[in-house]
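What follows is a set of notes on a single structure, which appears directly below.
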Amino acid sequence: MKEQIKKFLNEDQDPKAIEKITSKLQDLLMKKEEVGYIGVQKKPAITVFPDSIVLTNKRIILCKPKNLGLSMDFVDYDWEDVAAAFVKENILGSEFSFSTKSELTISIDYIPKTQARKLYTYAKEQMDFLKSPVAQNNVVVDEVKPEIQVEEQQEVVEEAEVIEEVETEEVTNYSEIMPIATPHYNTPDAAVVEEENGGKEKALGELSQDELFGKLQNYKKLLDNGLILQGEYDTYKKEILSYM
């Protein structure tokens, strides 16, 4: 017990107050909970029963003696509920305070300046320690996401390659099964075409109306079979109609 008391007498804490607090804390500490620092109130006048604040690795404990020091009230706040810590240095000592996530502000005054600074430093370390696991988890998640995206892209590329191969095989198979049929057009006798083209200027004026109409129908058949163009057909038609 004496060794534990000496551990917290580095900044002129009241030895009697430390002894009372440590003796009572033995029954209050949880498993794997360790006391990090103890600050003891020191008012300008003689303080017989000073208030104290205990910082552990799991919570903040306020210790307030009552009934002439025969009993003591303990109020604790988990580090997860603590939002911020503050130190205000005055002429006579300092005021250490902290706020909770439920918008409560708790303070204890007349803490010696050196003790108040140690309380503030320890409180900041505990709050930063609670934030660090969250930061590490975020880093791990950020590192895993790109790998998942790369794997998904590879799967999409592999599926696309398989689809392309199947489509190529199908087209190749159809090309082997179905022979290519060359279009065949019924072409009229070249002599007939030459006969119709040749000498039309001499014969059109001598032809009857029925013969001119038949000649126009022949040109229409040539157009339908794709042997003459539309412009050529229009020229022949105009010329034949001029004799009708």
Side-chain angles (χ1 to χ4, degrees), residues 1-67 69-141:
M1 180 67 68
K2 292 182 178 180
E3 295 297 329
Q4 292 180 341
I5 294 175
K6 290 180 180 179
K7 179 181 177 181
F8 303 108
L9 295 178
N10 298 326
E11 282 77 36
D12 297 330
Q13 286 94 336
D14 187 352
K16 292 183 179 180
I18 294 294
E19 184 178 358
K20 289 182 180 180
I21 293 170
T22 53
S23 62
K24 294 181 180 296
L25 285 177
Q26 297 300 320
D27 299 329
L28 294 176
L29 296 179
M30 299 180 289
K31 290 182 179 180
K32 297 182 180 180
E33 184 177 13
E34 298 178 356
V35 177
Y37 195 80
I38 299 176
V40 181
Q41 193 178 50
K42 188 176 182 180
K43 294 183 178 180
I46 298 175
T47 306
V48 181
F49 306 109
D51 295 343
S52 303
I53 181 169
V54 180
L55 303 186
T56 73
N57 58 336
K58 292 188 177 182
R59 52 184 169 162
I60 299 175
I61 304 174
L62 298 179
C63 311
K64 296 185 178 182
K66 65 179 184 178
N67 299 328
L70 298 176
S71 60
M72 187 175 294
D73 288 338
F74 296 94
V75 182
D76 64 338
Y77 302 88
D78 292 339
W79 286 115
E80 294 179 353
D81 297 331
V82 177
F86 312 93
V87 171
K88 182 180 180 181
E89 294 189 353
N90 301 315
I91 297 175
L92 299 175
S94 300
E95 179 181 354
F96 175 80
S97 59
F98 60 92
S99 61
T100 64
K101 295 179 180 179
S102 57
E103 297 183 356
L104 293 176
T105 301
I106 299 92
S107 61
I108 178 170
D109 54 3
Y110 294 107
I111 298 292
K113 294 181 180 180
T114 305
Q115 295 183 34
R117 294 168 188 166
K118 289 290 184 69
L119 290 170
Y120 176 77
T121 302
Y122 188 85
K124 291 293 290 182
E125 289 176 352
Q126 292 301 313
M127 288 187 289
D128 292 341
F129 178 76
L130 290 176
K131 295 178 182 179
S132 59
V134 177
Q136 292 176 0
N137 291 335
N138 291 336
V139 172
V140 172
V141 172

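- Salt bridge absent: K58 and D78 never bring a charged side-chain N and a carboxylate O closer than 4.0 Å.
- Between the NZ atom in K113 and the CD1 atom in I91 there is a gap of 8.0 Å [rounded to 0.5 Å].
- Taking both residues in full, the closest heavy atoms of L119 and I111 are given as CD1-CG2, 4.1 Å, listed atom of the first, atom of the second, then distance.
- In this structure, D109 and Q41 have side chains that are in contact, with non-hydrogen atoms separated by less than 4.5 Å.
- Side chain of W79 to backbone of A123: no donor-acceptor contact under 3.5 angstrom is found.
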Practice task
Check step by step if side-chain contact (heavy atoms from CB on, under 4.5 Å) holds for I60 and V54.
Solution key: CA-CA 6 Å; I60 299 175; V54 180; over 6 Å; no
Practice task
Could you check K66 against D73 for side-chain contact (heavy atoms from CB on, under 4.5 Å), going step by step and ending with a plain yes or no?
Solution key: CA-CA 7 Å; K66 65 179 184 178; D73 288 338; 3.0 Å; yes
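- When all heavy atoms are compared, the tightest approach of I53 to F98 is CD1-CE2, 4.5 Å.
- With salt bridges taken as basic N to acidic carboxylate O contacts below 4.0 Å, none links D81 and K101.
- The shortest side-chain heavy-atom distance between Y110 and K42 does not fall under the 4.5 Å cut-off.
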Handout entry: side chain to side chain donor-acceptor pair (under 3.5 Å) between S94 and E89, intermediate numbers included
Key = CA-CA 4 Å; S94 300; E89 294 189 353; 4.5 Å; no
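- The shortest heavy-atom contact between K118 and Y37 is CB-CZ, 3.5 Å.
- In terms of heavy atoms, V82 sits closest to M127 at CG1-SD, 3.9 Å.
- The two residues C63 and P65 have their closest heavy-atom pair at O-CD, 3.8 Å.
- Considering K16, K64, K20 in turn, K20 is the only one that fulfils the side chain to side chain contact (heavy atoms under 4.5 Å, CB included) rule with F49.
- Within the model, atoms OG of S52 and CE of M72 stand 6.5 Å from one another, a figure rounded to the nearest 0.5 Å.
- At distances below 3.5 Å, not a single donor-acceptor pair connects side-chain atoms of S99 with backbone N or O atoms of E103.
- For the atom pair L62 CG and D76 CG, the distance stands at 9.0 Å (nearest 0.5 Å).
- In this structure the side chain of F74 reaches within 4.5 angstrom of the side chain of K24, judged on heavy atoms.
- Summarising the geometry of Y77 relative to T100, their closest heavy-atom pair is CD2-CG2, 4.1 Å, with the distance given to 0.1 Å.
- Taken from CD1 in I38 to OG1 in T22, the straight-line distance is 6.5 Å, to the nearest 0.5 Å.
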Problem - Check against side chain to side chain donor-acceptor pair (under 3.5 Å), N57 and E33 - result: CA-CA 6 Å; N57 58 336; E33 184 177 13; over 6 Å; no
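- Side chains of E95 and N90: a donor-acceptor N/O pair is absent below 3.5 angstrom, by distance only.
- Taken to the nearest 0.5 Å, the CD atom of E125 stands 8.0 Å off from the CG atom of D128.
- Taking the side chain as every heavy atom from C-beta outward, E80 and L130 approach each other to under 4.5 Å.
- Remark: I106 CD1 to S97 OG distance equals 9.0 Å, nearest 0.5 Å.
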